Every structure is written in C-alpha cells, then in structure tokens.
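Worksheet for the structure shown next.
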Amino acid sequence: MSCLDCSCLRRTPVKSISQSKESTTSIYPHWAGELPQCWIPPVLGGHDMPVRYNEVNNYELQQELGKRFSNLTTVYLACHAPTGSLVTVQLTDLDDCSDEQIRFLQNEAVMSSFFRHHNIMVSWKIFTVGTWLWVINPFMAYGSASNLVKTYYPEGMSELLIGNILYETLKGLNYLHQNGYIHRSVKGSHILISEEGLISLSGLGHLYSMVRRGERARVAYDFPNFSTAMLPWLSPELLRQDLHGYNVKSDIYSLGITACELATGRVPFMDMHRTQMLLQKLKGPPENPLYGYTFPCEESPMKISRSGVDSGIGESVVAASMTQTMTSDRLRTPSPRTFSSALQNLVEVCLQQDPEKRPSAAMLLSHPFFKQVREQTRDSMPSLLPSLAQHRKHSSGGSFPVIMKKYSYRTTDEVKEWTFH
C-alpha cells in the first residue's frame, strides 16, 4: 500500500511540524517503514515558528529563486513577518496540474511531513489559497549542492567539502533505507545546504516504500515516469525495468554519480543520447567517470541547461546548442584534476554494475573517504563554504512586492489546509 492508497490518509490535513527531535533508526517507536491504516502525521513538540493557517498575508514574498516541477512551481524567498524569519515558499497552481502531478505533490507533501531526521528536508507548513498550493520550507541559504558547483566550483569542489556533503547525505539515506524507503531521486540539486552548513536531502516526491502488509519486500517493481533530466543519476537496474526489479542499492548508484557531479562540475552521461546512455550503463563504464568519458559525443536531443538540469528555467535554442557543444568538448577531455584513491574507490564501489556488490548506506558511512569528516567538529562545515555575505551578494535580485495580490486573498475562509481527496 502506498501513502496515497489509504483513503483515511487522503482526508488527513497536513500539519505544521518541527524538527525538534531526530531518530536514527525508526520513524515511529512502534513500527518502521509502513504507514498504519489510519495514520496521522505526528507533531513532536511545538512549532519552529508560530504561524496560523488563516494568515497567508504574513508571508512577504521578496525574491523569485527559480522554478521546479516542470515549471509549474515557482520558488520564492519570503519573510514571515511576525517573526522576521526567512523561509522559502513554493507556489503551484493546481489547476495547471494533471491528476498524476497532483498525486506526486501529495506524496511529496506527506513524506516531507512524516520523517524525523535532521538530514531530511521537512516542510513547515502546507495549505491552499484558492487553487494555489503553498508549501513553506526552511530557507537554505546556500541553495543546492549543484547550484553551489555551478556558481563557485565549475571544475569541482574540494574533496573535504564533497566529503562533508556526501557524509550528511548518506546519514539521511541510511535513515530512509533502514525504514524501508528508496529515495529514487538522489542528485546534487536535491541536496540543500543551510546557513549553518546543515545538509538536508529533499526531492521526496519519488519516494517508494518497500514495506507491504508489515513485511519488507526484497525488490521493487514500481517504475515511475522520471523526467529526462533525471536519467543520468538512475541506476542500470532501475532503467532496465525488468523482472529483477531494484532495491535501496539503486540510491547508492545515484550517490556515486552525485559524487562525480560535485567532484568534476559535470554529470556523467549527461551529454549522451538516451539510448546510448542506457546501453552504456547496462554495459558498465569503461573507466572511472571522475576522469571523464571518452565516448563519441554525437548531437543529443537532450537539452543541457546552464541553470540546472531540473531548474525548469528555459533557455533559447542557440544557448542550448552552445551549451551542448561546450559540454561535449568537456566530456571528451579527461579531467585535469587528480583525485585521492579514497574518492576514486568510493565512486567505483557505488557504481558497481551488480547492485548486490554495492555497499549499503550504513557501510559507506565508515568508508575511508569520510575518515577526515568523522574526525572533525560539527561546526567546521561553514568554514568550507563561500562566505555568506559573498553568496548573498552574488544571489541578490529584485523584490516582487505586488506578487502577493496574485496568490493571496483578503477573506480568511479562502485559506484551507490541504486535504487529500
């Protein structure tokens, strides 16, 4: 049973929550992995910020940060006026969404309100205003790891920074896997970084539970319609879509691709035709992708965007063509960097063709590549990042004071908690 199959759950309002407690083994003390028949999202402690459902005008949208969800969702930096707290607001017009897209949003909303782990992104509040869905999230000052690479590290991050980001991501993945969930969407743009250096794994819309009727299945056979942009990160077994299925080890493969993304500034397979990509993944890479592929790069129908593979920000045909050519040239040329044997081994074990040969998330946490990360103090992560003042200056833009008129209403009876019908 998936989260959306439960009729009781679909009629349950999504509640504001806080990350006041963290669990490292079980989502809930009495069971793990499967939602009970009449599950209601638990509220642990008070709210991180005292917001009320009928005061949507308390959110002052300040700056558009980008697009997501096939351009249907606009992400804004906003201020919660009563507290002065910065948040991000994701606005989606549900009238523009198909039934499948609404189910995706529902699953993402339920999951983001369900987990209790500091490395899993949790939504603070979800409600509707007219036909607009509002999702209030904590503001992650540095954005995603992929945006950080594009902005500051076009040739790749330092290994210490990569280690910190991947180590925290692995802790979130391990939590999900222990509770029987496959993330299925691990990549740089779903790894968010806060002002304090906290790493949070987002992108929970494709999450899948391996637990059925109280028992955990060995493999999954659910193959959602992933966007073309997601394909380079997906494991061979997930792309193969055969009777062998896949399991949590598919996330480990995606983590290996993400490690290459952060280390080199480019995504393996991104420049390849989809069919060529599939064939190459099923056959296995001829060399460690940290040092670049040497495949013949023909014209590819996949558009490569400088603004991020899932940013949703469109670009002109000329710009896409230029980016395609530049990316092809980069992929033909081996990486000029030299990587440590520990990082090379991490990538190799994650990208094993046989998923059973890949280590689990728990095993990877003790990998030698993370030895330096395990020995450092928790407050060392911010020192590895660009200065926040520099980042804010680089990311600054105009505000949108009139945008509120489009999304909000004066009458409080228009503002409702989102229920799942």
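Note that the structure is predicted; figures quoted are calculated from it, not measured. Each residue takes its place number in the sequence, starting with 1.
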Quiz item: Quick one: does N58's side chain have a donor or acceptor within less than 3.5 Å of a partner on A81's backbone?
Solution: no
Quiz item: Hey, is the main chain of M210 close enough, under 3.5 Å, to the side chain of R216 for a donor-acceptor pair?
Solution: no
Self-check item: N247 side-chain N/O to V219 backbone N/O, donor-acceptor pair under 3.5 Å
Solution: no
Quiz item: Where the side chain of Y221 meets the backbone of L243, is there a donor-acceptor pair that is under 3.5 Å apart?
Solution: yes
Quiz item: CD of Q372: more than 12 outside heavy atoms within 6.0 angstrom?
Solution: no
Quiz prompt | Trace of the side-chain hydrogen bond (donor to acceptor under 3.5 Å, both in side chains) decision for S98 with E100 | solution = CA-CA 5 Å; S98 65; E100 181 180 358; 5.3 Å; no
Quiz prompt | Main-chain N/O of S340 paired to E159 side chain as donor or acceptor, under 3.5 Å | solution = yes
Practice problem: Determine the minimum heavy-atom distance between S200 and I120, stating which atoms define it. | Solution: CB-C, 4.4 Å
Self-check item: Working for side-chain hydrogen bond (donor to acceptor under 3.5 Å, both in side chains), residues H206 and S185
Solution: CA-CA 7 Å; H206 283 304; S185 194; 5.5 Å; no
Quiz prompt | Heavy-atom side-chain proximity of I191 to L201 below 4.5 angstrom | solution = yes
Quiz item: Taking K281 for the side chain and P232 for the main chain, is one N or O donor matched with an acceptor at less than 3.5 Å?
Solution: yes
Self-check item: From L231 atom CG to F226 atom CZ, the distance as rounded to the nearest 0.5 Å
Solution: 9.0 Å
Practice problem: Verify the ring-centre separation between F69 and F104: is it less than 6.0 angstrom? | Solution: yes
Quiz item: So, Y246 and R184: side-chain donor and acceptor under 3.5 Å apart, yes or no?
Solution: yes
